[in-house]
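The structure appears right after this line, and notes come after that.
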Amino acid sequence: MALDQPRLVVLRALGLGDLLTAAPALRGLARAFPAHRRTLLAPASLTPLVALLDGAVHDVADVDYRQRVDAALPRGCHRADIAVNLHGRGPESHTALLATRPTRLLAFAHPDVPASADGPPWHTDEHETRRWCRLLTAFGVDADADGLDLRVEPAPEARGATVIHPGAASPARRWPVERWATVARAERRAGRRVLLTGGPDEVEAAGRIAHLAGLPEDAVLAGRTDLSHLARVVGGAARVLCGDTGVAHLATATRTPSVVLFGPTSPEQWGPPARDGRHIVLWAGRTGNPHGQRVDPGLLAVTVPDVLGALDRLDRLDRLDRLDRRAVHPSISPAASGPRAP
């Protein structure tokens with residue numbers, strides 16, 4: 001970095017889904033400030049996916065605010081020309097950024113932080129992607145909420161497979177293992193290969209699903225993929241089944257058809273783009289505590305037949321898509337019309 005190069009720091013010290021919903025805002029900042037050195041303050045584990053954001057971010061400073069928002073930010077991000085709060089409404093995150101003494105702060109207005117007074121108001125019931133684009137627009141930065149895509153090289157082992165990701169950050173958002181096993185067994189009987197993904201702490205649940213569904217050992221990818229490989233698996237799959245978690249946003253970003261189960265949180269705030277028919281949202285219309293220690297009753301209201309019905313809908317949509325593409329390009333054979341990254 002040149003000594004006189006202007007610097008921009010962005011606080012988004014959360015998880016996978018949080019990063020992906022902020023992708024349009026990060027890309028908007030890159031277009032608006034192309035000469036700035038752009039540093040993202042986020043968990044270092046997200047670096048492989050940050051690298052897929054078309055150069056929107058130059059580097060990642062390891063910051064994880066998922067548990068607490070009052071830890072001091074790294075010295076290397078101090079005295080930036082511009083600090084952008086894509087983390088929350090404040091005041092804690094505002095205060096943390098202001099402690100680094102930036103020249104300018106872009107953030108939502110909070111009455112306890114006078115330096116944020118020129119920011120727009122926070123809207124509680126707003127989709128997460130549109131929220132951050134609206135923040136930037138208020139400061140004259142154009143951000144396209146549709147800019148969600150990640151370009152990944154599809155993992156060959158995932159081609160044509162149904163990927164089931166049963167885990168989520170809290171028990172409230174985890175559909176029962178036995179139900180996932182019933183869905184996996186139905187997919188296997190339909191002649192589809194099933195892969196089970198998850199983090200190191202989800203290996204046991206994935207193994208139990210595989211056992212109950214009669215899947216082979218190599219169907220369990222949980223604990224065996226880093227984020228980069230997980231993105232390639234999702235990008236190469238025929239379909240993804242999961243709850244309200246980061247993998248749902250990976251499916252959106254790689255344009256992989258998905259069925260997403262919502263429970264305590266409304267899809268109006270965290271769901272895939274409503275206009276995109278590749279993604280089917282199942283929600284009983286009930287909200288609750290997304291951080292609860294027991295599975296949410298609203299999520300339990302989504303049944304196995306609901307999920308199987310959604311899978312049938314995806315199959316019908318896929319068949320129609322194949323027919324449409326063959327009508328325009330008669331040389332395309334059915335075997336050549338599998339999913340592909342954007």
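All values below were derived from every heavy atom in this structure, side-chain atoms included, with hydrogens, water molecules and symmetry-related copies excluded. Values in this document were obtained by computation on a predicted structure and should not be read as measured data.
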Check your understanding: What's the verdict on side-chain contact (heavy atoms from CB on, under 4.5 Å) for Leu241 and His165, showing C-alpha distance, side-chain angles and the deciding distance?
Key -> CA-CA 6 Å; Leu241 313 180; His165 188 90; over 6 Å; no
**Study point:** Worked verdict on Leu135 versus Leu86 for side-chain contact (heavy atoms from CB on, under 4.5 Å)
**Key:** CA-CA 9 Å; Leu135 168 67; Leu86 300 186; 4.0 Å; yes
Review point. In a check of side-chain contact (heavy atoms from CB on, under 4.5 Å) between Leu11 and each of Asn85, Leu40, Thr39, which one passes?
Key: Asn85
Please report the shortest heavy-atom distance between [X] and [Y], naming the atom on each side.
X: Gly119; Y: Phe139; answer: CA-CZ, 3.7 Å
X: Ser258; Y: His279; answer: OG-ND1, 2.8 Å
X: Val302; Y: Arg179; answer: O-NH1, 2.8 Å
X: Gly28; Y: Val141; answer: O-CG1, 3.6 Å
X: Ala143; Y: Ala25; answer: CB-CA, 4.4 Å

Presence of salt bridge, [Y] and [X], under 4.0 angstrom:
X: Asp54; Y: Arg27; result: yes
X: Asp315; Y: Arg192; result: yes
X: Arg193; Y: Glu187; result: no
X: Asp149; Y: Arg255; result: yes
X: Arg66; Y: Asp18; result: no

Indicate if [X] and [Y] have the same hydrophobic cluster label, given that clusters are the connected sets of ILVMFWY residues with side-chain heavy-atom separations under 4.5 angstrom.
X: Val203; Y: Leu221; result: no
X: Val183; Y: Val194; result: yes
X: Val281; Y: Leu308; result: no
X: Leu53; Y: Leu14; result: no
X: Val233; Y: Leu16; result: yes

Kindly list each side-chain donor-acceptor pair under 3.5 angstrom involving residues 72-84, sequence neighbours excluded, with atom names and distances?
| unit_1 | atom_1 | unit_2 | atom_2 | d |
| --- | --- | --- | --- | --- |
| Arg75 | NH1 | His78 | ND1 | 3.2 |
| His78 | NE2 | Leu73 | O | 3.4 |
| Asp81 | OD1 | Arg7 | N | 2.8 |

Between [X] and [Y], is there a donor-acceptor pair closer than 3.5 Å when you use the side chain of the first and the backbone of the second?
X: Arg224; Y: Pro200; result: no
X: Arg104; Y: Pro102; result: no
X: Arg278; Y: Leu317; result: no
X: Arg232; Y: Ser228; result: no
X: Arg131; Y: Glu126; result: yes
X: Thr182; Y: Glu178; result: yes
X: Thr137; Y: Asp142; result: no

Check your understanding: Cation-pi between Arg185 and Trp180: NZ/CZ under 6.0 Å from ring centre and within 45° of the ring axis?
Key -> no
Check your understanding: Do Phe262 and Trp175 have ring centroids that are under 6.0 Å from one another?
Key -> no
Rounded to the nearest 0.5 Å, how far does [atom2] of [Y] lie from [atom1] of [X]?
X: His249; Y: Cys242; atom1: NE2; atom2: SG; value: 8.5 Å
X: Ser116; Y: His110; atom1: OG; atom2: NE2; value: 7.5 Å
X: Leu105; Y: His94; atom1: CG; atom2: NE2; value: 6.5 Å
X: Arg130; Y: Asp146; atom1: CZ; atom2: CG; value: 10.0 Å
X: Asp244; Y: Asp296; atom1: CG; atom2: CG; value: 10.5 Å
X: Leu41; Y: Asp62; atom1: CG; atom2: CG; value: 10.0 Å

**Study point:** side chain to side chain donor-acceptor pair (under 3.5 Å), paired with Thr21, selected from His127, Arg12, Gln269
**Key:** Arg12
Check your understanding: Side chains of Ser170 and His291: do they bring a donor and an acceptor to under 3.5 Å?
Key -> no
**Study point:** Pair Leu20-Leu250, side-chain contact (heavy atoms from CB on, under 4.5 Å): steps then yes or no
**Key:** CA-CA 7 Å; Leu20 295 178; Leu250 268 181; 3.9 Å; yes
Study note, to complete from the structure: Residues passing the side chain to side chain contact (heavy atoms under 4.5 Å, CB included) test with Glu204, sequence neighbours excluded, are none
